[in-house]
Asks: 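Shown below is the structure under consideration.
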Amino acid sequence: VYAVDVTTGNARWQKRTGAGVMTDPMPAGDVLAVLTADGSLLGLDAATGRERWRNELGDDAATDAREGLAAGIAGGVLFVDGLNGALFAVDPATGRLRWKKAGSGPGSRPTGSAGERDSSFPVVSGGLALVAGEDRISALDLATGAARWEREVARGRGEQPLISGSLVYHSAGRGMHVLDLRTGRTRHEFDFRDLGPVLGSARHCTEYKGTVYCAVDDTIVQAVRFTE
C-alpha cells in the first residue's frame with residue numbers, strides 16, 4: 001500500500017502487507033483498512049502507514065483477483081463479503097470481529113452455489129444489515145448478526161435492496177417487492193407491466209426522495225412511489 005502527497009506527488013509512506021492487496025483502502029477515521037488475498041484484514045495508520053491491527057479472517061475471506069471479493073464500510077461496520085455466503089462484520093477502529101454469518105444453516109445469509117457470491121453487499125438502516133439473494137432477503141441485527149427476519153421473494157439478480165424511510169424496495173424480474181423495514185412484512189407488490197409493455201426485467205433501480213427509478217429493458221425508465 002502506498003500513500004502519496006496530493007500536492008507534490010512525493011511518496012509519504014509505503015507498507016508491505018505480506019500478500020496481494022485485493023481492495024481499495026477503506027478509510028475509517030485515522031485508520032485505512034485493506035483486505036489481502038490470504039484473507040487477512042489490516043488496519044493501517046493513515047498518517048504513517050504503521051500497522052495498527054491485523055485480523056486473519058481465514059479461508060472464507062481469502063480470494064484472488066478473479067473472485068472480486070467485496071469489502072466496505074456501512075453503518076460504522078466494516079463488512080467483508082466472503083466465499084460461500086460468509087459475511088464478516090468487523091470493528092474498523094480495532095479490527096475486532098463483531099460477528100460472522102455462515103452461508104448455510106438457520107439464520108444464514110442468502111447465497112447461491114458453493115464458492116459463489118450471489119448475495120448483495122449489506123445495506124444498513126435502523127440497526128439492521130439487509131442482504132438480498134436470488135430468492136430471499138434477510139435482515140441481520142447490526143450489533144450481533146442475529147437474524148431479525150427473512151422473506152422469500154421472486155427470483156432476481158441479488159441486487160442490493162433500497163431503503164427509504166420505513167420501506168425496503170427489492171426489484172426481482174419484472175416486479176418489485178416493498179417490505180416493512182422493521183418486520184419484513186410485505187407492504188406492496190408491483191408489476192412493471194402495469195405501466196406498459198415490458199419485455200425484460202429491471203436492470204437497476206435507485207431511490208431519490210421516496211421515488212424509485214428503475215431501468216427496465218434497455219430503453220425504459222419507470223418511476224414508482226409508494227406510501228409508507
Asks: Less than 4.5 Å apart, any side-chain heavy atom of P92 and any of M26?
Replies: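 P92 does not reach M26 side chain to side chain.
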Asks: I need the R136 CZ to H170 NE2 distance, nearest 0.5 Å.
Replies: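 R136 atom CZ to H170 atom NE2 measures 12.0 Å (nearest 0.5 Å).
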Asks: Can you find a heavy atom in the side chain of L140 that is under 4.5 Å from one in the side chain of L87?
Replies: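 Yes. Closest side-chain heavy atoms under 4.5 Å.
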Asks: From R148 CZ over to T183 OG1, what is the distance, rounded to the nearest 0.5 angstrom?
Replies: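 Rounded to the nearest 0.5 Å, the CZ-OG1 separation comes to 10.5 Å.
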Asks: Is any side-chain heavy atom of T206 closer than 4.5 Å to a side-chain heavy atom of Y208?
Replies: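 No, side chains not in contact.
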Asks: Please examine the side chains of S138 and K101, heavy atoms only from C-beta on, and report whether any two atoms are closer than 4.5 Å.
Replies: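 A side-chain contact is absent here, since even the closest heavy-atom pair is not under 4.5 Å.
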Asks: Quick one: are R52 and D30 in side-chain contact, heavy atoms under 4.5 Å?
Replies: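 With C-beta onward as the side chain, the pair touches.
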Asks: Does atom CD of E51 have more than 12 heavy-atom neighbours, drawn from other residues, nucleotides or ligands, at distances under 6.0 Å?
Replies: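 It does: E51 CD has more than 12 such atoms within range.
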Asks: How many angstroms lie between CH2 in W53 and CG in L44, if you round to the nearest 0.5 Å?
Replies: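 Interatomic distance, W53 CH2 to L44 CG, rounded to 0.5 Å: 8.5 Å.
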Asks: Are V77 and V34 in one and the same hydrophobic cluster, where Ile, Leu, Val, Met, Phe, Trp and Tyr link if side-chain heavy atoms are under 4.5 Å apart?
Replies: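 Different clusters.
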Asks: From E56 CD over to D38 CG, what is the distance, rounded to the nearest 0.5 angstrom?
Replies: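 Atom-to-atom, E56:CD and D38:CG are 7.0 Å apart.
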Asks: Within a radius of less than 6.0 Å around CG of D24, do more than 12 heavy atoms belonging to other residues, nucleotides or ligands occur?
Replies: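 Atom CG in D24 is not crowded, with 12 or fewer foreign heavy atoms closer than 6.0 Å.
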Asks: Can you name the nearest heavy-atom pair linking N55 to G95, along with the distance?
Replies: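 N55 and G95 have their closest heavy atoms at ND2-O, 2.8 Å.
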Asks: Measure from the side-chain N and O atoms of T23 to the backbone N and O of L35, and report whether any donor-acceptor pair falls under 3.5 Å.
Replies: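 Between the backbone of L35 and the side chain of T23 there is a qualifying donor-acceptor contact (under 3.5 Å).
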Asks: Are L32 and I73 linked, directly or through intermediate hydrophobic residues, by side-chain heavy-atom contacts shorter than 4.5 Å (ILVMFWY only)?
Replies: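 Result: no, two separate clusters.
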Asks: Working to the nearest 0.5 angstrom, can you tell me the gap between L130 CG and R151 CZ?
Replies: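 CZ of R151 is found 11.5 Å from CG of L130.
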Asks: Enter the distance from L181:CG to L167:CG here, rounded to the nearest 0.5 Å.
Replies: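 The distance works out to 8.5 Å.
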Asks: For a quick test of reading the model, state the closest non-hydrogen atom pair linking A139 to L128 and the distance between them.
Replies: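 Nearest heavy atoms, A139 then L128: CB-CD1, 4.2 Å.
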Asks: In this structure, would V131 and W99 fall into the same cluster of hydrophobic residues linked by side-chain contacts under 4.5 Å?
Replies: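 V131 and W99: one cluster.
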Asks: F79 versus V124: any side-chain heavy-atom pair under 4.5 Å?
Replies: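 Contact flag for F79/V124 side chains = yes.
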Asks: Any side-chain heavy atom of Y213 sitting closer than 4.5 Å to one from T211?
Replies: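 In short, these two side chains touch, coming nearer than 4.5 Å.
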Asks: Is any side-chain heavy atom of I137 closer than 4.5 Å to a side-chain heavy atom of L179?
Replies: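 SC-SC contact between I137 and L179 confirmed.
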